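Scroll down for the structure; my scribbles are underneath it.
Scope of the values below: all heavy atoms of this structure, side chains included, with no hydrogens, waters or symmetry mates. Computed from a prediction, not measured in an experiment: that's the story for all the values here.
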Amino acid sequence: MEVSLQRSANSDASLQLLLFVDKRPVSSERIRQLRQRLRELSAEATYPYELQIVDVSEQPHLAEFFKLVATPSLIKIHPEPRQTLAGTNLVAQLENWWPRWQRAIEDYLAEQPNQTELSQSDSNPNQIQSIAHSAELMRVSDEVFRLQKEKEELQAQLQFKDQLIAILAHDLRNPLTTLSIALETLEMGMSREVKHPRMTPELLTQLIRQARAQARALDRMITDILQVARERGAEFRIQPQKLDLGNLCLEVIERLQEQFQAKSLQIQTDIPADLPAVYADSERVRQVLVNLLDNAIKYTPVNGQIQVSILHRTTQKVQVSICDSGPGIPPENQQRIFDDRFRLQRDQETEGYGIGLSVCKRIVQAHYGQIWVDSELGQGSCFHFTLPVHRSLKVFN
């Protein structure tokens, strides 16, 4: 903050002016012109002036304090009332207002003997310093607010990591236990010293299938957790290309056949043969399908049904729907299950929903699609998401 002052013994007997400028090259010339004219006017004036020059880029809080909308601006802060001159013709405006400002000081001084002792004690002999102090308080207040937000964000990140650890401890326990039991049983059956009397080829195949399925479940869960932690708050990157969505759905269903058979689930598909290609990242979409089908398998009871359908919804969107016959999702939680935080605070009824759903939401939104759920308690859930239709470029001769 640059200061250019002509002071009197009594600061109350002088005009107190603030000049706000920016760093444009023309600002220096305008400051020179205004200073020169002030000196000329002051030479013939009864009362002197105090001028303080403020660079708005260095003192934005002071500019905010005065609610400035343009530079250069010249503000008379003493005597009251405050007055602002703005624009490129400041010198002309100053010449017009200077006589009235001089009379304002004279009127102000004439009123001083009639002021009460209280009002005299409340008067501020140097408003420029007072306003600068107020602006500094505003700056400090904003800085405190920014630091508080950073503190809250860091606390949220720490809480997020603690909750990830809690998920690892809770959700990985069941598949790890099942995998361990399967491997121990296999080890006993393959031991030469102890022959398992019921280790038939069918049981052996079932144990291997079970161990493989649990290993895949662990891999998916760990991948989802690490992906959410790594990409939380970051842009989700995709590599879209022309994709046959129907074939991809059938491939994913075939890959999960062992899990369907383990619970004797009936799989129904409604995938039109004339379905248009979509413009999407095949690996990311595969991840969405696996996550949604994995949830459907987990929550559908034995001998239940899962339905996968694809609808050419509009000329620009294709909709995928995956429905189960599970317990459903409470209405108060249906808007939150795709949220990062919700999956870390789930209750008994919603246990398991969400660890992959937040990732699904990121993937679908990265494709400019939507994802949502329709569900009724005791009636199952239907998860829907949309992807953009691939548009081929046509060349006309």
Side-chain angles (χ1 to χ4, degrees), residues 175 178 205-206 208-221 223-224 227 238 240-313 317-329 352-357 359-361 363-364 367 369-375 379-390:
T178 304
T205 301
Q206 182 181 352
I208 293 175
R209 182 184 300 119
Q210 189 177 45
R212 187 183 300 119
Q214 295 303 320
R216 284 200 297 265
L218 286 169
D219 180 68
R220 283 196 300 274
M221 292 171 66
T223 298
D224 285 342
Q227 197 161 41
I238 60 172
Q241 57 186 351
K242 186 177 181 180
L243 175 64
D244 189 327
L245 185 58
N247 282 342
L248 180 61
C249 283
L250 294 175
E251 289 177 13
V252 172
I253 291 172
E254 179 63 28
R255 169 185 168 184
L256 300 175
Q257 277 301 317
E258 293 181 358
Q259 292 176 247
F260 295 136
Q261 295 171 4
K263 298 182 69 173
S264 301
L265 301 178
Q266 298 180 19
I267 308 301
Q268 299 178 350
T269 60
D270 182 8
I271 303 177
D274 59 348
L275 191 69
V278 298
Y279 187 63
D281 187 317
S282 60
E283 289 306 312
R284 293 296 201 181
V285 175
R286 185 191 304 273
Q287 188 176 0
V288 173
L289 292 170
V290 169
N291 271 313
L292 295 181
L293 282 169
D294 187 57
N295 271 346
I297 293 170
K298 183 173 183 177
Y299 289 95
T300 302
V302 175
N303 297 319
Q305 291 185 349
I306 295 177
Q307 183 175 7
V308 179
S309 59
I310 305 179
L311 172 66
H312 187 191
R313 185 176 179 181
K317 297 288 184 181
V318 169
Q319 176 179 313
V320 179
S321 298
I322 297 177
C323 302
D324 62 58
S325 56
I329 303 171
Y353 278 111
I355 192 170
L357 293 180
V359 176
C360 291
K361 179 180 178 180
I363 294 174
V364 172
H367 288 84
Q370 295 178 312
I371 185 169
W372 70 98
V373 64
D374 295 321
S375 182
Q379 301 298 318
S381 303
C382 284
F383 286 84
H384 315 277
F385 68 92
T386 60
L387 294 172
V389 172
H390 180 270

Practice item. Go through the steps for Asp294 and Gln259 under the test side-chain contact (heavy atoms from CB on, under 4.5 Å), then give the verdict. Key: CA-CA 9 Å; Asp294 187 57; Gln259 292 176 247; 3.4 Å; yes
Practice item. Please test Val278 against His390 for side-chain contact (heavy atoms from CB on, under 4.5 Å), starting from the C-alpha separation and ending with a verdict. Key: CA-CA 4 Å; Val278 298; His390 180 270; 5.6 Å; no
Practice item. Return the minimal non-hydrogen interatomic distance between Lys317 and His312, and the atom names on each side. Key: O-CD2, 3.6 Å
Check your understanding: Can you tell me how far CD1 of Ile297 sits from CD1 of Ile306, rounded to the nearest 0.5 angstrom?
Key -> 5.0 Å
Review point. Nearest heavy-atom pair of Gly246 and Ile271: which atoms, and what distance?
Key: CA-CG2, 3.7 Å
Exercise for review: Could you check if a side-chain atom of Ser321 sits within less than 4.5 angstrom of a side-chain atom of Val308, using non-hydrogen atoms only?
Suggested key: no
Exercise for review: For His367 and Asp281, test the side chains for any donor-to-acceptor distance below 3.5 angstrom and give the result as yes or no.
Suggested key: no
Practice item. Carefully, step by step, assess Leu387 and Leu243 under the rule side-chain contact (heavy atoms from CB on, under 4.5 Å). Key: CA-CA 11 Å; Leu387 294 172; Leu243 175 64; 5.6 Å; no
Revision key, fill the gap. Which of Leu248, Ile371, Ile310, Leu311 passes side-chain contact (heavy atoms from CB on, under 4.5 Å) with Val320? Answer is Ile310
Exercise for review: Assess whether side chain to side chain donor-acceptor pair (under 3.5 Å) is satisfied between Gln307 and Ser309, documenting all intermediate values.
Suggested key: CA-CA 6 Å; Gln307 183 175 7; Ser309 59; 5.1 Å; no
**Study point:** Interatomic spacing from NE2 in His384 to SG in Cys323 - rounded to 0.5 Å
**Key:** 5.5 Å
Check your understanding: Atom OH of Tyr279 and atom CD of Gln241: how far apart are they, to the nearest 0.5 Å?
Key -> 8.5 Å
Check your understanding: Can you tell me how far the OG atom of Ser381 sits from the CD1 atom of Ile329, to the nearest 0.5 Å?
Key -> 4.0 Å
Practice item. Kindly indicate whether the side chain of Val318, heavy atoms from C-beta on, has any atom under 4.5 Å from the side chain of Thr386. Key: no
Revision key, fill the gap. Rounded to the nearest 0.5 Å, the NZ atom of Lys361 sits from the CD atom of Gln370 at a distance of 11.5 Å
**Study point:** From Ile322 atom CD1 to Phe383 atom CZ, the distance as rounded to the nearest 0.5 Å
**Key:** 9.5 Å
Check your understanding: Phe385 and Val373: side-chain contact (heavy atoms from CB on, under 4.5 Å), yes or no, with the steps?
Key -> CA-CA 9 Å; Phe385 68 92; Val373 64; over 6 Å; no
Check your understanding: What's the shortest heavy-atom distance between Phe260 and Ile253, and which atoms?
Key -> CE1-O, 3.5 Å
Check your understanding: Side chains of Leu265 and Asn303: closer than 4.5 Å at any heavy-atom pair?
Key -> no
**Study point:** Least distance between heavy atoms, Thr300 atom then Ala296 atom
**Key:** OG1-O, 2.5 Å
**Study point:** Heavy-atom closest pair, residues Pro301 and Ser325
**Key:** CD-O, 3.4 Å
